[in-house]
Amino acid sequence: GKLTMSKLNTRNKYGWMNDLYFNYDFKFDPIKAYLENTQRMISRYNKKIYKKYEKWFQEHKHNSEMPDAFDIYEEKILIGSEFPNILNQSIYLTVYSTFENEFFTLCEACQEIENLKIGPRDIKGQGYIEQCRKYCVKVLNINFDSLNEKWAEIRKYQLIRNSIAHNNGTIKSPKKDILEFIENSNGITFDIKDSSITIESIDFLKTLIDKFTCFLLTMADLIMIEKN
């Protein structure tokens with residue numbers, strides 16, 4: 001009798017995790033919508049500048065006394081060419097920190113449910129997400145084996161995040177696995193000459209959101225299964 005009751009109470013305690021799917025949609029869907037809308041805005045801006053450039057060029061190309069079209073529109077063209085990079089890098093950092101925060105929240109909720117003195121912040125680890133992983137394994141006793149492959153990928157996203165946040169996208173002496181990861185990922189490139197990453201497409205960021213969401217939901221499932 002008592003054992004069944006306590007198991008039932010625990011199950012109820014973790015029942016809210018079934019709704020995390022909606023929570024992550026609520027957090028990440030606005031970011032996806034922002035990406036798509038801003039990309040359209042950038043495209044409109046660049047088309048407008050190009051049209052003005054073309055018009056000037058056609059009207060004045062035979063008049064050597066008039067300034068060159070590029071001289072007139074150079075600044076606007078250069079500004080417009082930087083927009084995608086600003087969008088993609090800043091959203092990468094936003095998505096990553098949202099993931100970090102949600103992973104932390106998940107761990108702290110488990111700490112509260114299990115009434116534990118130790119929280120994820122008390123664990124030593126390389127960055128917040130490693131603290132969370134260690135917390136799940138060492139404190140919550142979650143078997144992480146089924147997530148190892150996903151985790152290896154997340155560590156690569158972490159490396160890219162650090163390069164953007166601290167070195168403007170530069171990775172000094174990158175290892176073979178990160179180069180292969182970038183090569184096999186859609187929407188990101190690595191320039192060997194500059195040792196720098198460029199996120200070329202919002203597709204890379206949308207995939208990032210899907211991967212992070214999938215990891216968090218799988219993690220929640222594992223917690224629910226192992227704690228019930």
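Quantities reported herein were computed from a predicted structural model and do not represent experimental measurements.
Applying the side-chain contact (heavy atoms from CB on, under 4.5 Å) test to K48 and every residue at least two apart in sequence or in another chain returns K52.
Classification of E114 and K13 as a salt-bridged pair fails, no side-chain N sitting under 4.0 Å from a carboxylate O. Taking 4.0 Å as the cut-off between side-chain N and carboxylate O, E180 and K176 count as a salt-bridged pair. We find that E153 and K150 are not joined by a salt bridge, their nearest charged nitrogen and carboxylate oxygen being 4.0 Å or further apart. Salt bridge status for E130 with K124: absent, with no side-chain N to carboxylate O gap under 4.0 Å. Under 4.0 Å is where a charged nitrogen must lie from a carboxylate oxygen, and between E36 and K32 no such pair does.
More than 12 heavy atoms of other shown residues, nucleotides or ligands fall within 6.0 angstrom of atom CD in E200.
The main-chain N or O of L35 is never found under 3.5 Å from a side-chain atom of T38 such that the two would form a donor-acceptor pair. N167 contributes no side-chain N or O that, together with a main-chain N or O of G169, makes up a donor-acceptor pair within less than 3.5 Å. Under a 3.5 Å cut-off, the side chain of T213 and the backbone N or O of I209 do form a donor-acceptor pair. Between the side chain of Q89 and the main chain of I164, no donor-acceptor pair closer than 3.5 Å is present. No donor-acceptor pair under 3.5 Å is formed between the side chain of D122 and the backbone N or O of I118. Here the side chain of N101 pairs no donor or acceptor atom with the backbone of S97 at under 3.5 angstrom. Looking only at distances, no side-chain donor or acceptor of D203 sits under 3.5 Å from a matching main-chain atom of G187.
Residue pairs satisfying the salt bridge (charged side-chain N to carboxylate O under 4.0 Å, His left out) criterion with at least one member in residues 76-104, sequence neighbours excluded, are listed as follows: K27-E102.
Aromatic pair F83/Y45: centroids less than 6.0 angstrom apart. Note: Y128 and F103 fail the aromatic proximity criterion, with ring centroids not under 6.0 Å apart.
At least one test fails for R161 against the ring of Y92: distance under 6.0 Å to the centre or angle within 45° of the axis.
With a 4.5 Å cut-off on side-chain heavy atoms, W56 and K61 do not count as touching.
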